[in-house]
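Working notes, structure below.
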Protein chains: 4
Amino acid sequence: MKKQNVPASVKDEKLIEIRRNQMIKGAVSLFKEKGFHRTTTREIAKAAGFSIGTLYEYIGKKEDVLYLVCDRIYDEVSERLKRDIDPKKGDTKSLLLAIKNYFKVMDEMQDEVLVMYQEAKSLSKEDLPYVLKKELEMVEMFEAILKACVENGEFDLHENERKLIAHNIFVQGQMWGFRRWALQKLYSLEEYTNSQIENLLTGINR
Amino acid sequence: MKKQNVPASVKDEKLIEIRRNQMIKGAVSLFKEKGFHRTTTREIAKAAGFSIGTLYEYIGKKEDVLYLVCDRIYDEVSERLKRDIDPKKGDTKSLLLAIKNYFKVMDEMQDEVLVMYQEAKSLSKEDLPYVLKKELEMVEMFEAILKACVENGEFDLHENERKLIAHNIFVQGQMWGFRRWALQKLYSLEEYTNSQIENLLTGINR
Amino acid sequence: MKKQNVPASVKDEKLIEIRRNQMIKGAVSLFKEKGFHRTTTREIAKAAGFSIGTLYEYIGKKEDVLYLVCDRIYDEVSERLKRDIDPKKGDTKSLLLAIKNYFKVMDEMQDEVLVMYQEAKSLSKEDLPYVLKKELEMVEMFEAILKACVENGEFDLHENERKLIAHNIFVQGQMWGFRRWALQKLYSLEEYTNSQIENLLTGINR
Amino acid sequence: MKKQNVPASVKDEKLIEIRRNQMIKGAVSLFKEKGFHRTTTREIAKAAGFSIGTLYEYIGKKEDVLYLVCDRIYDEVSERLKRDIDPKKGDTKSLLLAIKNYFKVMDEMQDEVLVMYQEAKSLSKEDLPYVLKKELEMVEMFEAILKACVENGEFDLHENERKLIAHNIFVQGQMWGFRRWALQKLYSLEEYTNSQIENLLTGINR
DNA sequence: TATGAATGAGATTTCATTCAT
DNA sequence: TATGAATGAAATCTCATTCAT
């Protein structure tokens with residue numbers, strides 16, 4: 001799956017990678033602070049450490065930066081999740097581990113997630129589906145685990161129930177970041193995780 | 001709790017109410033379509049049915065429109081919730097009724113909620129807390145019901161658990177709107193509601 | 001000499017006089033504070049004690065207010081000068097008295113004079129000459145006194161010298177107001193007057 | 001003493017100098033014609049020979065143009081005065097030469113001086129004192145010459161008398177420009193200069 | 001490849017003036 | 001006569017994007 005649609009005048013793929021990394025890093029912190037629309041391309045270039053002219057050697061238009069940022073965040077979250085999850089292993093313990101890890105990632109990347117969360121709607125009509133697809137893939141990871149559990153007889157859930165619970169897990173992870181103003185006053189990440197897991201399990205194991 | 005901080009040059013309070021209603025109505029549909037930042041003040045004026053000059057007779061700056069919109073949406077949701085909820089009545093049936101009604105409201109107002117959801121962060125530093133407070137009040141309505149249930153002996157939940165569950169209910173209501181691209185393909189509102197209630201209940205009644 | 005060119009919809013001449021007085025009074029203090037261009041018609045109406053609609057019953061356009069203000073100031077200065085000057089009486093004592101009185105008027109009306117001084121250029125091409133003519137008339141009052149003195153044999157001055165000295169006197173009166181930031185730190189009005197009179201009567205090489 | 005407070009996005013100092021020169025030149029002729037407030041930023045840009053966007057690369061806000069113009073005019077007048085004045089040389093001849101030169105400069109730069117004269121009050125509260133200070137410095141040049149003359153025994157004047165006369169000289173120079181509608185009908189520059197010098201040196205009662 | 005000066009479309013906001021009540 | 005809501009032209013300023021160096 002390659003970054004689609006983002007044109008670069010520069011040929012050197014390695015350099016593109018480097019420059020875009022600089023760009024994304026700068027942009028995330030700017031978007032976090034003031035949002036996509038209030039951030040100017042000049043500011044992005046400056047934060048990235050190069051000139052406005054150079055910025056446009058590596059993107060076609062401002063929106064591309066947002067796409068790159070969203071794309072990167074998903075890749076990172078995805079990769080970190082896959083790293084310690086085995087969707088085949090269908091036992092409750094694995095499920096809980098996956099949830100814990102996911103919540104931890106969400107906690108560590110909450111700035112990025114918040115950015116993506118709030119700015120994704122500014123993506124163009126073409127880019128949005130691509131990003132949503134990535135999100136769905138992550139939900140499907142949880143669904144796969146749940147399915148494996150069911151198949152293993154750990155508990156019993158119909159397909160739609162599984163899907164919904166997968167969504168719930170996914171959203172509860174995001175919640176921790178985007179409702180931090182309310183939640184993080186009440187709980188530590190650990191408490192939050194345990195409580196949500198408990199809600200989930202006692203629900204499932206009827 | 002009245003609309004604060006939004007100045008109007010016009011004196012006739014009645015007229016202000018009317019014009020602002022027109023304004024909000026037009027703005028919601030524009031914001032829904034293209035977001036706050038991509039919507040121009042001229043478009044808002046036009047959608048409201050008056051001239052740009054008139055628009056500025058009823059607000060001080062563009063952001064005020066967003067504030068007015070958010071404020072209105074919360075008021076409407078709030079009011080509809082309060083209409084059929086009695087937070088004192090502590091039985092499970094009332095709780096479920098409240099949830100069902102809330103989800104229904106979220107379904108009917110999903111455009112508005114989506115708008116608020118995505119654009120609230122564009123509010124000024126002064127206005128944001130005011131809006132967040134309103135959100136918290138709605139969460140607290142669910143918490144109050146849960147508390148009444150616990151006191152009635154319907155089930156047993158510590159304070160923090162109650163709070164968290166209230167947040168979950170609230171977010172699940174929003175989810176239906178802001179994740180419609182995924183959820184509404186899978187479930188009808190009724191199915192979604194029933195499923196979430198089931199998740200909740202079998203969780204609570206351990 | 002009637003106020004020319006300033007149209008009023010209202011017929012009652014008495015009322016016009018009253019309203020315009022209110023208008024001028026409010027406008028002078030506003031112009032003094034923020035200048036003609038930065039003062040809005042709404043502010044003028046408010047300061048005058050009536051509505052914007054009423055304002056336009058008594059003038060045709062914003063600039064008319066400035067004209068009215070300038071006109072009024074000149075009339076007032078003129079009248080106060082004429083009150084205690086007899087241009088026929090050609091003795092040095094009368095000249096000095098005239099100068100002293102003029103400087104005193106300039107001191108008392110320095111706000112008004114400053115306003116006129118700085119804003120007159122904003123008058124329309126048609127109104128400006130009318131105002132300049134009034135100014136010239138005042139200069140001519142001094143010239144007349146000087147002429148009478150010369151005819152009386154008090155001292156000897158050719159026409160052009162008389163004219164120039166009349167201008168000097170006139171400008172020195174204004175100076176006291178428009179260079180107050182510098183002059184009024186150094187002298188009292190009396191000192192200033194005496195010094196300028198001395199300069200006039202006896203040159204450096206005494 | 002360098003141009004303070006006027007921000008430029010462009011880095012090349014040389015270029016800033018060039019562009020601002022173009023800007024000032026265009027602005028002076030526009031301000032002369034219609035005043036600061038009636039001149040639009042687009043007109044300034046056009047008169048300067050570049051686009052509105054470029055204009056704002058070299059200033060922060062419209063008022064900066066006025067500041068730049070005033071600053072420039074003072075610098076130019078100042079420099080031309082200093083060029084042929086030696087404030088140490090305390091003889092009457094030097095004084096007269098200084099006055100003559102000053103009046104000549106005022107004559108040649110009368111458009112600029114008129115502009116500054118009429119528009120300075122539109123400067124911001126921060127910029128105005130800076131400009132007034134420059135004006136005072138010029139007055140002080142004349143005072144210095146007068147002082148040197150007194151110390152040389154050419155004539156006798158107390159400090160305050162010297163200060164006042166310095167102001168008079170300064171204002172009489174400006175008069176030539178800002179009252180041109182009256183004065184220049186009556187005298188040539190030379191006649192005006194000679195007459196004022198005579199007034200200065202010998203009073204009315206010779 | 002990198003730079004940054006130049007551009008101008010377009011956004012927000014103001015405010016003189018009108019006119020129905 | 002008095003009012004003040006409505007209007008929209010016009011002003012300032014921003015900023016994504018281009019392109020010559």
Side-chain angles (χ1 to χ4, degrees), chain A residues 8-12 15-16 19 37-46 49-65, chain B residues 8-12 15-16 18-19 37-45 49-65, chain C residues 8-12 15-16 19 37-46 49-65, chain D residues 8-12 15-16 18-19 37-45 49-65:
Chain A
S9 312
V10 171
K11 299 295 160 226
D12 183 341
L15 196 51
I16 293 180
R19 292 282 176 267
H37 280 105
R38 292 198 217 276
T39 301
T40 69
T41 51
R42 288 170 128 93
E43 288 171 320
I44 296 170
K46 191 171 184 188
F50 40 71
S51 72
I52 181 68
T54 301
L55 182 73
Y56 275 86
E57 295 291 313
Y58 295 91
I59 57 164
K61 53 195 203 298
K62 186 186 175 190
E63 216 168 65
D64 290 342
V65 180
Chain B
S9 308
V10 169
K11 293 173 174 181
D12 184 339
L15 196 52
I16 293 179
I18 295 171
R19 292 283 176 267
H37 281 105
R38 292 198 218 275
T39 301
T40 69
T41 50
R42 296 193 114 82
E43 287 171 322
I44 295 170
F50 37 67
S51 72
I52 182 66
T54 300
L55 180 71
Y56 277 89
E57 293 286 304
Y58 295 90
I59 57 163
K61 51 191 201 302
K62 187 186 176 191
E63 211 170 71
D64 289 341
V65 180
Chain C
S9 313
V10 170
K11 299 292 160 231
D12 183 341
L15 197 50
I16 293 181
R19 293 282 176 267
H37 281 104
R38 294 198 216 275
T39 301
T40 68
T41 51
R42 288 170 129 95
E43 288 170 320
I44 295 170
K46 191 172 184 188
F50 39 71
S51 73
I52 181 67
T54 301
L55 181 72
Y56 275 86
E57 296 291 314
Y58 296 91
I59 57 164
K61 53 195 203 299
K62 186 187 176 191
E63 216 167 67
D64 289 342
V65 180
Chain D
S9 309
V10 169
K11 292 173 176 180
D12 184 338
L15 196 52
I16 293 179
I18 294 171
R19 293 282 175 266
H37 281 105
R38 291 199 217 274
T39 301
T40 70
T41 50
R42 296 190 115 83
E43 287 171 321
I44 296 171
F50 37 68
S51 71
I52 181 67
T54 300
L55 181 71
Y56 276 89
E57 293 287 304
Y58 294 91
I59 57 163
K61 53 192 201 300
K62 188 188 175 190
E63 211 170 71
D64 289 341
V65 180

| said: Rounded to whole Å, how long is the line connecting atom CD of D/Glu43 with atom P of F/dA11? | reply: 7 Å
| field | 5' precedence on DNA chain E between C/Thr39 and D/Phe50 (nearest-nucleotide basis) | value | D/Phe50
| field | Protein-nucleotide distance (C/His37, atom NE2; F/dA10, atom P), rounded to Å | value | 16 Å
| said: Could you report the tightest heavy-atom contact between D/Tyr56 and D/Thr41, atom names first, then the distance? | reply: OH-CG2, 3.3 Å
| Taking atom C1' of E/dT13 as reference, at what distance in whole Å does atom CG of B/Leu55 sit? | 10 Å
| said: With rounding to the nearest 0.5 angstrom, report the OG to NZ distance, A/Ser51 to A/Lys46. | reply: 13.0 Å
| message | To check you understand the geometry: which heavy-atom pair defines the closest contact between B/Thr54 and B/Tyr58, and what is its length? | response | O-CD1, 3.0 Å
| message | Under 4.0 Å, counting only non-hydrogen atoms across every strand here, what does C/Ser9 touch: a base, just sugar-phosphate, or nothing? | response | nothing
| remark: Result for 5'-nearest mapping on DNA chain F, choosing between D/Thr40 and B/Val10, is B/Val10
| query | When you check the phosphate oxygens OP1 and OP2 of E/dT1, does a side-chain N or O of A/Thr54 lie under 4.0 Å from one of them? | reply | no
| Would you call the rings of B/His37 and A/His37 parallel, tilted or perpendicular if under 30° counts as parallel and over 60° as perpendicular? | parallel
| query | Just checking A/Lys46: base, sugar-phosphate only, or nothing, at a heavy-atom cut-off of under 4.0 Å? | reply | nothing
| note | Minimal heavy-atom distance between B/Leu55 and B/Ala45, with the atoms involved, is CB-CB, 4.1 Å
| request: Identify which nucleotide among E/dA2, F/dA6, F/dT1 has an atom closest to any side-chain atom of C/Tyr58, counting heavy atoms from C-beta outward. | output: F/dT1
| task | Starting from Watson-Crick (N1-N3 plus N6-O4 or O6-N4) and G-U wobble pairs under 3.5 Å, report the runs of at least three that DNA chain F belongs to. | result | E:2-21 with F:2-21
| Nearest-Å distance, NZ (B/Lys11) to P (F/dT3)? | 9 Å
| D/Ala8 to D/Ile16 - nearest heavy-atom pair and separation | CB-CD1, 3.8 Å
| query | Taking for each residue the nucleotide of DNA chain F bearing the nearest heavy atom, is the 5' side occupied by B/Ser51 or by C/Gly49? | reply | C/Gly49
| Rounded distance (nearest 0.5 Å) linking atom OG of B/Ser9 with atom NZ of B/Lys11 | 10.5 Å
| query | With sequence neighbours left out, what residues match D/Thr40 under side-chain hydrogen bond (donor to acceptor under 3.5 Å, both in side chains)? | reply | D/Glu43
| task | May I ask you to say what D/Arg38 touches in the nucleic acid, namely base, sugar-phosphate or nothing, with a heavy-atom cut-off under 4.0 Å? | result | nothing
Could I get a table of every N or O pair under 3.5 Å where one atom is in the protein and the other is in nucleotides 17-21 of chain E?
unit_1, atom_1, unit_2, atom_2, d
E/dT17, OP2, C/Tyr56, OH, 2.7
E/dT17, OP2, C/Lys62, N, 2.8

